[in-house]
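This report concerns only the one structure given below.
Counting convention: from 1, in listed order, for ligands and their atoms alike. Residue numbers start at 1 and run along the sequence shown.
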Amino acid sequence: MRVGVPKETAPGERRVALVPDVVSRLEGSTVAVERGAGAAAGFPDGAYAEAGAELVEDAFAGADAVAKVAKPNESELARLHSGQLLVGFLQPLTDPDGIARLAEAGVVAFAMESIPRTTRAQAMDALSSQATVAGYKAVLLAAESLPRFFPMLTTAAGTIAPARVLVLGAGVAGLQAIAAARRLGAVVSGFDVRPAVREQVQSLGASFLDVGVVGEETEGGYARELTPEEQARQLEELGERIPEFDVVVTTAAIPGRPAPKLIPASAVAGMRPGSVIVDVAAETGGNCELTQPGEVVQVEGVTIIGTLNLPSTMPGHASQLYARNVQALLDHLAPGGELSLDWDDEITAGACVTRTKEETT
Ligand code: NAD
């Protein structure tokens, strides 16, 4: 199998789908990397050449499979052809038009978001690998913006109290944020609607913030969307508790739905000037009512960070982890470089979002 790795084209996207180390591990496949594809992530062309990749002007031409990070744009769509495999974050739940266009083009597309989150597919779980980066980076952004220390300090000039950090939504990103904030010495609390999370939060040395709302976990391990009554109760309770904190890192999400609103404007107004909110859910509208996706805004002295695509701001490790996820998926779809699509397999069938008639049978 020949795998093409184009340079990402989405504005601000610095990641690359395969890194040199993974190129050399892809057994039985040849890899064609577009010149400059890894430059923004710290992987120069020379490193790909050393790993055995061919450097090309057009990574789509002649490729049996195209490995991307973000969904293809118009011009990339036009370069994909019928029967070609595509892997990437294709946004199957939020971009039905994009998926329809891939289907029209006859592309056999696998969305990283649709890989079942089972133990067997763990190595391919790019949602988790990228959420790990986002959670960690969110805490660093908070620490950078907070006009205070995170750790407790005892100095000749006086004692500094530790920062109080609240993490809302304790999935993969949230748990990583809790761990990072703890490493920096903050006193950390976490909250999630899934009941199983309480123990995970506590095992990281954080306390669980009880707001009296307990949701349910769906079969896929995700949270069920709260009812309007539950949402209102949660908003009210969190609104009262949030002003106790210096930093709120918020990551709550429901797949395919707008981010639940957890931080009302009144809670922001109650926070001390200098406090910071990092809204990791900005991508899907944000958990805070005042978040402006893609912007950093100040509201009554509180900094609200709505930076998008946090994984791309740490492109080296984000790409390294993503590339291992892509490798695991490609090895699954084409063991030893020989394409063998088993539609009875839950990973292959689950991840595939478009396929041609021949592949269907
Ligand atoms: P996600 O990004 O969809 O959501 C982030 C968090 O927000 C979740 O923990 C969710 O419970 C929480 N949330 C949703 N609505 C909320 C609300 N109103 N208030 C507070 N919190 C709210 O989730 P994710 O991090 O991608 O994954 C969630 C879970 O999926 C994991 O923690 C795990 O249980 C499961 N998972 C399993 C595997 C596996 O078995 N291989 C891998 C990854 C994830």
Side-chain angles (χ1 to χ4, degrees), residues 89 91-94 111-136 138 166-179 189-204 206 208-239 241-242 248-264 267 278-289 309-311 321 324-325 328-329 332 346-347 350-351:
F89 282 117
Q91 303 182 2
L93 294 179
T94 49
M112 298 308 279
E113 299 96 324
S114 301
I115 293 173
R117 297 184 91 176
T118 56
T119 310
R120 221 175 119 233
Q122 233 164 16
M124 310 167 197
D125 187 350
L127 284 177
S128 287
S129 73
Q130 304 306 291
T132 299
V133 179
Y136 170 81
L166 173 64
V167 176
L168 296 176
V172 180
L175 290 174
Q176 195 55 232
I178 290 174
S189 300
F191 169 70
D192 198 293
V193 282
R194 287 181 298 121
V197 171
R198 177 186 287 265
E199 232 172 76
Q200 295 165 12
V201 167
Q202 289 168 341
S203 74
L204 289 172
F208 191 81
L209 188 82
D210 223 325
V211 303
V213 179
V214 181
E216 288 158 26
E217 196 161 290
T218 63
E219 247 177 48
Y222 293 111
R224 160 184 69 75
E225 197 166 20
L226 297 179
T227 63
E229 295 75 36
E230 287 169 327
Q231 269 183 42
R233 207 163 76 241
Q234 180 183 41
L235 205 62
E236 190 186 337
E237 185 70 24
L238 280 175
R241 305 293 299 274
I242 281 168
V248 183
V249 173
T250 181
T251 75
I254 304 284
R257 303 282 305 143
K261 289 286 177 264
L262 306 183
I263 309 178
V278 184
D279 200 335
V280 180
E283 214 84 42
T284 50
N287 293 142
C288 174
E289 278 180 0
N309 199 356
L310 289 175
L321 296 174
R324 292 299 292 268
N325 300 141
L329 178 61
H332 182 77
E346 61 158 4
I347 298 175

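In this structure, the side chain of Thr251 does not engage the main chain of Asp279 through any donor-acceptor pair within 3.5 Å.
Residue Arg324 holds its CZ atom at 11.5 Å from OG of Ser129, rounded to the nearest 0.5 Å.
Not a single heavy atom of Ala131 sits under 4.0 Å from any atom of ligand 1. At least one heavy atom of Asp192 sits less than 4.0 Å from an atom of ligand 1. Not a single heavy atom of Gly174 sits less than 4.0 Å from an atom of ligand 1. Within the 4.0 Å heavy-atom cutoff, Val193 counts among the residues contacting ligand 1.
Contact annotation for Ala170 and ligand 1: only backbone heavy atoms (N, CA, C, O) come within less than 4.0 Å of the ligand. If you look at Asp125 next to ligand 1, the close heavy atoms, those under 4.0 Å, all belong to the side chain. With a 4.0 Å heavy-atom cut-off, ligand 1 is reached by the backbone of Ala253 and by its side chain too. Counting heavy atoms closer than 4.0 Å to ligand 1, residue Leu226 contributes side-chain atoms (C-beta onward) but none from N, CA, C or O. Contact annotation: for Thr118 versus ligand 1, heavy atoms closer than 4.0 Å belong to the backbone alone. Using a 4.0 Å cut-off between heavy atoms, Leu262 contacts ligand 1 through its side chain alone, with no backbone atom that close.
In summary, the atoms of ligand 1 found under 4.0 Å from a heavy atom of Ala252, numbered by their order in the structure, are 7 (O), 13 (N), 16 (C), 21 (N), 22 (C). The contact set between ligand 1 and Gly169, taken as ligand atoms under 4.0 Å from a residue heavy atom, comprises 7 (O), 21 (N). Those atoms of ligand 1 that come under 4.0 Å of a heavy atom in Ile254, given as number and element, are 14 (C), 15 (N). Listed by number with element, the atoms of ligand 1 under 4.0 Å from a non-hydrogen atom of Ser128 are 42 (C), 43 (C).
Considering backbone and side-chain atoms alike, Val172 places an N or O below 3.5 Å from some N or O of ligand 1. Taking distance alone, with nitrogen or oxygen atoms compared against 3.5 Å, Gly171 approaches ligand 1 more closely than that limit. For ligand 1, the polar-atom distance check against Gln234 finds a nitrogen or oxygen pair separated by under 3.5 Å.
Heavy-atom neighbours of Phe89 CZ from other residues, nucleotides or ligands within 6.0 Å: above the threshold of 12.
Summary of contacts: the protein heavy atom closest to atom 5 (C) of ligand 1 is Thr251 O, 3.5 Å. Remark: minimum distance from atom 30 (O) of ligand 1 to any protein heavy atom is reached at Gly221 O, 3.4 Å.
Using a 4.5 Å cut-off on side-chain heavy atoms (C-beta onward), Val172 and Arg117 make contact.
Within the set Arg194, Arg117, Glu225, the minimum heavy-atom distance to atom 33 (C) of ligand 1 is found for Arg194.
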